[in-house]
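Positions are given from 1 along the sequence.
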Amino acid sequence: MPLTPQEALFIFNHTLGCRYGTTIDGAAYGFMDIVGAGADGGDRIVPLPTLRAWLTDPSQPQFEPRWHNRLWNTCGMIVGLSPAGNVILVTKASPTAERYHFNSPLARGDGYSFRKCNRLPPNAAILANIAYGVGASVPEAEDITAIDNFDGVDARTVKYLYDTILATIKKLTDKAFA
């Protein structure tokens, strides 16, 4: 289901993103990566008319299904890094760096994640914690680790993380606009 205008506004207002781990010490994926295709397509700073169009109707073909595909592929990257762990939804995750390729049969769209925010600022806030998967988790790192082998990525875990992030965005948005 596409984002609602309120969810898009919440993402924009908070420069929402996600990060593997439990702290804001390092890189994150930025959910405001709403334009462009491939590894480096689109403007890193969204042009104002495009931003207005997204905030008015994020379900337009220029944004969907790309936004949801990017979220799915980002979840795949995270699960590829660690089959279990914790993801935090964070503020101030400006998508200014590269995208990562989720080179898996599970990938959607062009296979790329959201752009990376190289380092969250010290005043970024954690809005939610999402535990996922079963088993041991890899240690948290400052940078996003690029991985090449996605053979063991479990589709159910990716779907769980994807669905839970979407549900959490909805819950946070509903609370903010209540």
Heavy-atom pair of closest approach, residues [X] and [Y]:
X	Y	result
Gly109	Asn69	CA-ND2, 3.5 Å
Ile78	Leu161	CG2-CD2, 4.0 Å
Ala84	Gly135	CB-O, 3.5 Å
Ile165	Cys75	CD1-SG, 3.8 Å
Thr23	Ile88	O-CD1, 3.2 Å
Ala27	Asp143	CB-OD1, 3.9 Å

Pair Tyr100, Lys116: side-chain N/O donor-acceptor within cut-off below 3.5 Å: yes
Flag the pair [X] / [Y] as yes when at least one side-chain heavy-atom distance between them is below 4.5 Å, and no otherwise.
X	Y	answer
Val134	Pro83	no
Met32	Phe114	no
Trp67	Glu64	yes
Leu16	Val90	no
Asn123	Lys92	yes
Arg70	Asp33	yes
Ile169	Phe31	yes

Check against side chain to side chain contact (heavy atoms under 4.5 Å, CB included), Asn103 and Phe150: CA-CA 7 Å; Asn103 189 16; Phe150 294 97; 4.3 Å; yes
Check for a donor-acceptor pair, side chain of [X] on one end and backbone N or O of [Y] on the other, with a separation under 3.5 Å.
X	Y	answer
Arg99	Gly38	yes
Glu7	Thr4	yes
Asn86	Gly21	yes
Asn73	Ala107	no
Arg115	Ala97	yes

Measure the spacing between [atom1] of [X] and [atom2] of [Y] and express it to the nearest 0.5 Å.
X	Y	atom1	atom2	value
Met1	Lys170	CE	NZ	8.5 Å
Ile144	Thr74	CD1	OG1	8.5 Å
Asn129	Leu89	CG	CG	8.5 Å
Ile147	Ser104	CD1	OG	10.0 Å
Leu127	Thr168	CG	OG1	10.5 Å
Leu71	His68	CG	NE2	7.0 Å

Quick note, side chain to side chain donor-acceptor pair (under 3.5 Å) partners involving residues 9-21, not counting sequence neighbours, are Arg19-Glu140, Tyr20-Ser82
Which pairs with one or both residues in residues 159-178 pass ring-ring contact (aromatic ring centres under 6.0 Å, His included), sequence neighbours excluded? Trp72-Tyr162
Would you say [X] and [Y] are hydrophobically clustered, going by side-chain heavy atoms of ILVMFWY under 4.5 Å?
X	Y	answer
Leu166	Phe12	yes
Ile130	Ile126	no
Tyr29	Ile24	no

Acceptor/donor pairs from residues 48-58 side chains to any protein atom, 3.5 angstrom cut, sequence neighbours excluded:
from	atom 1	to	atom 2	distance (Å)
Thr56	OG1	Arg52	O	2.8
Asp57	OD1	Ser59	N	3.1
Asp57	OD1	Ser59	OG	2.5

Decide side chain to side chain contact (heavy atoms under 4.5 Å, CB included) for Thr164 and Tyr132; before the verdict, give the C-alpha distance in whole Å, the side-chain angles of both, and the deciding distance to 0.1 Å. CA-CA 9 Å; Thr164 305; Tyr132 73 92; over 6 Å; no
Do the ring planes of Tyr112 and His101 sit parallel (below 30°), tilted (30 to 60°) or perpendicular (above 60°)? tilted
